[in-house]
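Each remark here refers to the structure printed beneath this line.
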There are 2 protein chains.
Amino acid sequence: MSSEITIGTLARSAGVGVETVRYYQRRGLLATAGTKKGAFRVYGDSELARLRFIRRAQALGFKLDEIASLLALDEETDRESARALARAKIADVEERIRQLQSVHSALQELVSCCEHTEAPAPCPILRTLGGEAN
Amino acid sequence: MSSEITIGTLARSAGVGVETVRYYQRRGLLATAGTKKGAFRVYGDSELARLRFIRRAQALGFKLDEIASLLALDEETDRESARALARAKIADVEERIRQLQSVHSALQELVSCCEHTEAPAPCPILRTLGGEAN
DNA sequence: CTAGACCCTGTACCAAAGTACGGAGTCAAC
DNA sequence: GTTGACTCCGTACTTTGGTACAGGGTCTAG
């Protein structure tokens, strides 16, 4: 049933490097396989699923510590907690978007000011960064 | 004219820590004052201006390496370069906003799916992260 | 039976932007 | 004439998510 796979194959199947798998093990996100076949540890489907879970969660902006919390949840009984974590992450993402948008418009302003200033004189961008009034 | 200030005052005036000033000096963003008054190095207005420049640029999302490039520009002759750097940063910020927006909508989808699933069964968020189809 | 590919463990290193600490010297005030 | 705040210089640690290497052992094919 559960395919017997070494760490290299496991890593490749999830699209990560062997060192990354080991790193997740060190971080406690993934168990180090208990069973060995000869001298090599052997992994199965559950480890692969967990590894993919980590990657998907990461793509959604969760950091490894948060993923550890997600992984500790039970599909059956922890829906509230899962939703709470997801909502917190949404708020987080929204905040970062707001920040970036404000930076974006400040930069836009500088550039368009620079473009519309015909004076051959000092660069408005550098002058603004340099100071006087703010 | 140029106020004679020690590093602590300089740092406080720019809203950073002394260690941060020293760090910028190590990074070559800020010169270590040559003049000393007794045993202590003495800074003036130009260092304060430079420090503020760094902070403003940082608030606009430039990293220290990029700020080094900005600081190397001449207000009079390097307008083109300044604009180019600002435009590159704008593109950068836009890209990050797009990324975050796509993450945001994926998260929204998960949460609203979870909210509208009345089955007492498994949590849709955790199940989606856990896999099968994607 | 040997070469090459793979695995094991442990440790060190990378970026980025600082922060903290140790041990010494010095300055100003009371 | 000493206390307390400040400075100097150098080094090490922090966070996050890995990556790289050293020095073995082992497995598989030809």
Side-chain angles (χ1 to χ4, degrees), chain A residues 3-44 47 50-71 89 92 96 99 103, chain B residues 3-44 47 50-71 89 92 96 99 103:
Chain A
S3 42
E4 302 208 333
I5 277 181
T6 64
I7 198 172
T9 314
L10 174 64
R12 237 171 292 119
S13 307
V16 304
V18 169
E19 298 304 324
T20 304
V21 173
R22 290 198 204 284
Y23 173 67
Y24 292 163
Q25 292 176 334
R26 281 202 300 284
R27 290 280 305 242
L29 292 168
L30 199 60
T32 304
T35 30
K36 290 192 177 186
K37 192 177 179 182
F40 297 168
R41 295 178 188 286
V42 163
Y43 300 87
E47 280 91 359
R50 207 165 163 96
L51 202 39
R52 289 193 167 133
F53 184 109
I54 295 170
R55 292 262 114 187
R56 288 201 187 94
Q58 228 175 0
L60 289 176
F62 290 98
K63 49 183 70 168
L64 297 184
D65 276 357
E66 295 166 335
I67 295 173
S69 307
L70 286 172
L71 283 166
K89 182 53 61 182
D92 196 279
R96 279 191 285 159
Q99 284 270 336
V103 163
Chain B
S3 41
E4 301 210 332
I5 277 181
T6 63
I7 197 171
T9 313
L10 174 65
R12 236 171 293 119
S13 307
V16 304
V18 169
E19 297 305 322
T20 304
V21 173
R22 291 199 203 283
Y23 173 68
Y24 291 163
Q25 292 176 334
R26 283 201 299 283
R27 289 281 303 244
L29 292 168
L30 199 60
T32 304
T35 29
K36 289 191 177 186
K37 191 178 179 181
F40 297 167
R41 295 179 187 285
V42 164
Y43 299 86
E47 280 92 358
R50 207 166 164 95
L51 203 38
R52 289 193 167 133
F53 184 109
I54 294 170
R55 292 264 116 186
R56 288 201 187 92
Q58 227 175 4
L60 289 177
F62 290 98
K63 49 185 71 169
L64 296 185
D65 277 356
E66 295 166 335
I67 294 172
S69 308
L70 285 172
L71 283 166
K89 183 54 62 181
D92 196 278
R96 279 191 285 158
Q99 285 271 334
V103 164

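Throughout, protein chains are lettered first and strands after them, A, B, ... in sequence-line order, and every chain is numbered starting at 1.
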key: Separation of C:dG25 P from B:K37 NZ (nearest whole Å)   = 23 Å

inquiry  = Quick check against the 3.5 Å criterion: does A:K89 have a side-chain atom that pairs as donor or acceptor with the backbone of A:F62?
reply    = no

request  = Specify the separation, in whole Å, of atom CD1 of A:I54 and atom C1' of D:dG18.
outcome  = 13 Å

ask   = Counting just side-chain N and O atoms, does A:Q58 come under 4.0 Å of either OP1 or OP2 of D:dG18?
value = yes

ask   = Any idea which heavy atoms bring A:A59 and B:V103 closest together, and the distance?
value = O-CG2, 3.5 Å

message = Distance check needed: C:dA24 P versus B:F40 CZ, whole Å only.
response = 16 Å

inquiry  = Expressed as a whole number of angstroms, how long is the span from B:R41:CZ to C:dT26:P?
reply    = 14 Å

inquiry  = Counting only side-chain heavy atoms from C-beta out, which of C:dC7, C:dC27, C:dC8 sits nearest to B:A39?
reply    = C:dC27

query = Quick one: A:I7 CD1 to D:dC27 P, roughly how many Å, whole number?
reply = 16 Å

ask   = What parts of residues 19-27 of chain B reach DNA chain D, counting only heavy atoms under 4.0 Å away?
value = B:R22

ask   = Has A:R55 got a side-chain N or O lying under 4.0 Å from the OP1 or OP2 atom of D:dG18?
value = yes

key: d(CD1, A:I5; P, C:dC6) in whole Å   = 14 Å

key: Between D:dT7 (P) and B:L10 (CG): distance, integer Å   = 10 Å

key: Candidates B:I54, B:L29, B:L30 - the one meeting side-chain contact (heavy atoms from CB on, under 4.5 Å) with B:V21   = B:L30

ask   = Are a donor atom and an acceptor atom from the side chains of B:Q25 and B:R22 found within less than 3.5 Å of each other?
value = no

task = Return the value, rounded to whole Å, for the distance between atom NZ of B:K36 and atom C1' of D:dT7.
result = 10 Å

key: Closest heavy-atom pair and its distance - B:A31, B:Y43   = O-CE2, 4.0 Å

